[in-house]
Amino acid sequence: MTISQPVILWFRNDLRLTDHAALLAATETGQPVLPVFILDDTSPGRWAMGGAARWWLHHSLAALQAALADRGCTLILRRGDSATVLAELVRSTRATDIFTGGSADPWARRLDQTVAEATDARFHRMRTRTLFHPDSIRTKTGGSYSVYTPFANACLALGGPKPPSPAPMEIRAADVAATERLDDWGLLPGKPDWAGGLRDTWTPGEAGAMERADAFLTHGLTGYAAGRDQPAGDGTSMLSPHLRFGEISAAQLWHLAHQRPNGKGREIFIRELLWREFCAHLLWHNPGLPEAPLKPEFAKMPWRDDKPALTAWQRGQTGVPIVDAGMRQLWRTGWMHNRVRMIVASFLIKHLMIPWQDGEAWFWDTLVDADLASNAGNWQWVAGCGADAAPYFRIFNPVLQGGKFDADGDYVRHFVPELAKLDAKYIHAPWVAPAHALTSAGVSLGKTYPHPIVDLAQGRARALEAYAKIRSVT
DNA sequence: TTCGAGTTGTC
DNA sequence: ACAACTCGA
């Protein structure tokens, strides 16, 4: 080995320079660093990145490219099977080591194994995404957690993650290897261009993430406890896609939050970070989480195969206003308010009795923040087949939820404009509105806005019956 | 073994 | 008030 031989820094879902353990370790070798990103659509199988996330990826990579260029480094872009690409890169650059971040995704863990075996370089997997290593949080008997609260308490008992590390002062640039052009990757939508709403909503990249975090912690943290449940407002952090792509680390957020005054808002925000952590923990210990219910009796659930209903849900045409508003927000902005995610998920699973995996797949393709662990963990949570001891009778009523969290109907008005003129009294249940209220608002059910595709009371009763049945069988 | 407790609800 | 189970200590 000569000192001019490079080490490879393989960027994955950690597209930042600050608090990046693998990048830091790579620079500390003293050898030149070759930063690489590989667009790999074969290794993930059915969990290849969805359309909305690709839009984000494009812009995040552009930001990372620019940040590295400021330090005299070129980000090498390649497409293909990661193991093949890395093996070739190691050969052609004579790299001695590969540094990369870890992931709970089963396919990524398998890939790590393959890469480690397929190249001659030493392989170093570091923790860049979670606060703690999933194996370091253990029950008293050494097992993994399956319930959130004891898991969160165990994390809190550790007193928080290590302080984040700064970006490396200097990155010794390696000789540039062959690279593809980001613009050739086709990550952005062609015609039609559906990304207008995304462009208006987001600033991908490490700088955008830090800006967003700063704005939220300065203005949003104190009102977070109540504000985060109001979908018409901007009370949530909107940090999820930045976290998804690792443009900011959970440890950075933890420490930034702790620089702010203590209070209910801060406490709840920390607990939200721990939900993300919990899902990663769940997936790490249950690799089948995205596909199969954790509670095996749910395999016997009499799910309905109802393509028209699924399509109506996806398009925001169910006739249930807050559900439709949420689904349209998702389609237009690549994101949905968390409160509304629970409502639309509960509606799909319980009122329509469509398999949670169908909703999971749709979210995967349309959310800019789609994360395998969080997506699967939360869909299972709503379905009641996951880790939480969720009572099967917890079924969100979209009308009551609307009245509670979108009382004046502004959220519905914004995303379902055909109901905009409807009185707040009726906006979450136009089917009970008197004829004159509908007419004066320009609403004609079945024409300008659909009738509900399921009767809420009947849907609820049907779900309760089915849940009771599968439970009694076991 | 017992016992406390559970993000997000509904009627 | 309900209805009710499982986890974790």
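Letters A, B, ... are given to chains in the order of the sequence lines, protein chains preceding strands, and every chain is numbered from 1.
Salt bridge A:Asp410/A:Arg413: present, at least one basic N to carboxylate O contact under 4.0 Å. Using a 4.0 Å cut-off between charged side-chain N and carboxylate O, A:Asp214 and A:Arg260 make a salt bridge. One finds no salt bridge joining A:Asp105 and A:Arg12 here, because no Lys/Arg side-chain nitrogen approaches an Asp/Glu carboxylate oxygen to under 4.0 Å.
Checked against side-chain contact (heavy atoms from CB on, under 4.5 Å), A:Gln357 has the following partners two or more places apart in sequence or in another chain: A:Pro293, A:Pro355, A:Glu360. Partners of A:Arg54 under the salt bridge (charged side-chain N to carboxylate O under 4.0 Å, His left out) rule, at least two apart in sequence or in another chain, are A:Asp41. Residues satisfying the side-chain contact (heavy atoms from CB on, under 4.5 Å) test with A:Ser374, not counting sequence neighbours, are A:Arg276, A:Cys279, A:Asp371, A:Asn378.
Screening A:His428, A:Arg339, A:Gln329 for a side chain to side chain donor-acceptor pair (under 3.5 Å) with A:Tyr411, the sole residue that qualifies is A:Gln329.
B:dT8 atom C1' lies 18 Å from atom CD of A:Gln380, rounded to whole Å. If you take NZ of A:Lys350 and P of B:dT8, they are 12 Å apart, rounded to a whole angstrom. Atom OH of A:Tyr467 and atom P of C:dT6 are 15 Å apart (whole Å). Look at CE on A:Met342: it is 9 Å from P on B:dT8, rounded to the nearest Å. The nearest whole Å value for the distance from the CZ atom in A:Phe151 to the P atom in C:dA9 is 13 Å. In this entry the distance linking CD1 of A:Ile137 with P of C:dG8 reads 13 Å, nearest Å. Per the geometry, NE2 belonging to A:His337 stands 12 Å off C1' belonging to B:dT8, to the nearest Å. In this structure, A:Glu267 places its CD atom 15 Å from P of B:dT8, rounding to the nearest Å.
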Under 3.5 Å, which protein N or O atoms sit close to an N or O of nucleotides 9-11 of chain B? Give each pair with its distance.
| unit_1 | atom_1 | unit_2 | atom_2 | d |
| --- | --- | --- | --- | --- |
| B:dT10 | OP1 | A:Asn397 | N | 2.2 |
| B:dT10 | OP2 | A:Gln401 | NE2 | 3.4 |
| B:dC11 | OP2 | A:Asn397 | ND2 | 3.4 |

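Screening residues 444-456 of chain A for side-chain hydrogen bond (donor to acceptor under 3.5 Å, both in side chains), with sequence neighbours left out, gives A:Asp324-A:Tyr449.
By the 6.0 Å and 45° rule, A:Arg212 does not stack over the aromatic ring of A:Trp202.
At a threshold of 4.0 angstrom between heavy atoms, the contacts of A:Arg228 include nucleobase atoms, whether or not backbone atoms are also involved.
Consecutive pairing runs in DNA chain C reach the stem threshold at B:2-6 with C:5-9, where a stem means at least three Watson-Crick or G-U wobble pairs with distances under 3.5 Å.
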